[in-house]
Amino acid sequence: MNYRHAYHAGNFADVHKHAVLTLLLAHLRRKETPFHVLDTHAGIGRYDLSGVEAGKTGEFEHGIARLLAGPDHPLLESYLRLVRAENEDSALRFYPGSPCLIRGSLRDDDRMTLVELHPEDAATVRALFKRDRQVTIREEDAYQALKACLPPKERRGMVLVDPPFEVRDEFQRMIKGLGEALRRWPTGIYALWYPIKSPAEVARFTDELVNFGKPCLTSELMLREPTDETKLNGSGLAVINPPWQLDEQMGSLLPLLHERLGCQGGTHLQWLVPS
Ligand SMILES: C[S@@+](CC[C@H](N)C(=O)[O-])C[C@H]1O[C@@H](n2cnc3c(N)ncnc32)[C@H](O)[C@@H]1O
């Protein structure tokens, strides 16, 4: 486990994933009944962009920094509010990872479970949410946690699956884990992030998603045309059981992100299985 998200925090893929995550959380807040969020690959929760790792790659400069520099937009309201809440005045020093974005979206009766396998990262995120009764931390494998934690007692909510794709069979592991999760909790919302390096590899993954027969909406933001399949050319997010009107929101959000982040490839929004 060599992957450290601190090198990539706030990059174009985080912006894509987190902008959609905050929209999903806003949908969950529309009903009064409590919800639960399971974040299977939590990371450390909050990133210091003035640190050595972020400084080495400068990826956030082409991601969240660009978004914050532009005008506000209703679809980004919740996301940017949560980013600004981590910072003073108009500075950009800290970037909230998925744990902080989720925690900032919970009401008093909502809960979240964070799963992180890397011992150091698990200790860091545990310290961040010390004595927070709405947050449970599990230091274990994401796919074990999917079996252990679902369905949540609230029976309403979502799962974010955001692996580092360090291992060659991560796509297959995701599909297997998702199959088990859907058997346990068929009505949950699932957001699955995937890297777009090779379009053929992505097509094999999306074909597998179709086989589940569950409503599934994919959104893809391409940094560049995928001519070099060794590079991260785009960011993909598949949402299973998407809330009503997410497709319309995504139809506006994707071109907006594309323009603001200066992406050179296209955007794709597709119902793999219509709802
Ligand atoms: C892409 S980062 C997560 C970023 C985070 N979701 C966010 O949006 O801020 C992936 C994380 O998964 C962790 N990880 C890697 N393999 C794992 C596994 N099998 N189970 C749980 N966590 C794992 C890594 O240590 C890393 O912190």
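For ligands, and for the atoms within them, numbers begin at 1 and follow the listed sequence. The shown structure was predicted, so the numbers you read here are calculated from the model rather than taken from an experiment.
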Test item: side-chain donor near acceptor, Glu170 and Tyr194, under 3.5 Å: no
Whether His18 lies under 4.0 Å from ligand 1, heavy atom: yes
Salt bridge flag under 4.0 Å for residues Asp121 and Arg4: yes
Atoms in ligand 1 flagged as close to Arg173, the criterion being non-hydrogen separation under 4.0 Å: 19 (N)
Sub-3.5 Å N/O-N/O distance, His5 and ligand 1: no
N or O contact, Gly97 vs ligand 1, cut-off under 3.5 Å: no
Protein heavy atom at shortest distance from atom 2 (S) of ligand 1: Tyr3 CE2, 3.6 Å
Ligand-residue contact atoms, ligand 1 with Thr40, heavy atoms, under 4.0 Å: 21 (C), 22 (N)
For Asp121, atoms of ligand 1 separated by under 4.0 Å from a heavy atom: 25 (O), 27 (O)
Between Gln134 and Arg103: side-chain donor-acceptor atoms closer than 3.5 Å: yes
Pair Ser219, His16: side-chain N/O donor-acceptor within cut-off below 3.5 Å: yes
Option nearest atom 24 (C) of ligand 1 (shortest heavy-atom distance, choices His41, Arg4, Glu116): Glu116
Top protein contact for atom 22 (N) of ligand 1, by heavy-atom distance: Leu117 N, 3.3 Å
Over 12 foreign heavy atoms within 6.0 Å of CD, Glu32: no
Heavy atom of the protein closest to atom 16 (N) of ligand 1 (residue, atom name, distance): Met1 SD, 3.7 Å
Close approach of Arg46 to ligand 1, heavy atoms, under 4.0 angstrom: no
Any N or O of Asp141 closer than 3.5 Å to N or O of ligand 1: yes
Whether over 12 other heavy atoms sit under 6.0 Å from Gln172 CD: yes
Short N or O distance, His118 and ligand 1, threshold 3.5 Å exclusive: no
Full working for side-chain hydrogen bond (donor to acceptor under 3.5 Å, both in side chains) between Tyr95 and His18: CA-CA 11 Å; Tyr95 183 73; His18 292 156; 2.7 Å; yes
Parallel, tilted or perpendicular: ring planes of Phe205 versus Phe171, cut at 30 and 60 degrees: tilted
For residues 51-61, please give each side-chain donor-acceptor pair under 3.5 Å, one per line with the distance, not counting sequence neighbours.
unit_1	atom_1	unit_2	atom_2	d
Thr57	OG1	Tyr7	O	2.6
Thr57	OG1	Glu59	N	3.4
Glu59	OE1	His8	ND1	3.2
Glu59	OE1	Asn11	ND2	2.8
Glu59	OE2	His8	ND1	3.0

Step-by-step side-chain hydrogen bond (donor to acceptor under 3.5 Å, both in side chains) determination, Glu154 to His36: CA-CA 6 Å; Glu154 292 83 356; His36 186 279; 4.9 Å; no
Pairs flagged by salt bridge (Lys or Arg N to Asp or Glu O under 4.0 Å) wherever residues 76-102 is involved - sequence neighbours left out: Arg46-Glu86, Asp48-Arg93, Asp72-Arg84, Glu77-Arg81
Option set Ala9, Ala142, Ser98, criterion heavy-atom distance to atom 20 (N) of ligand 1, minimum: Ala142
Tyr47, any N or O under 3.5 Å of ligand 1 N or O: no
N/O separation below 3.5 Å, Asp14 to ligand 1: no
For Ala42, the ligand 1 atoms whose distance to one of its heavy atoms is below 4.0 Å: 5 (C)
Within-shell test, Ile44 vs ligand 1, heavy atom, strictly < 4.0 Å: no
Side chains of Asp14 and His5, donor plus acceptor under 3.5 Å: yes
Ligand 1 atoms in contact with Gly43 (distance to a heavy atom under 4.0 Å): 27 (O)
4.0 Å heavy-atom contact, Glu140 with ligand 1: yes
Contact check: Asp162 vs ligand 1, nitrogen or oxygen atoms, below 3.5 angstrom: yes
Hydrophobic cluster identity match, Tyr3 and Val161, side-chain contacts under 4.5 Å: no
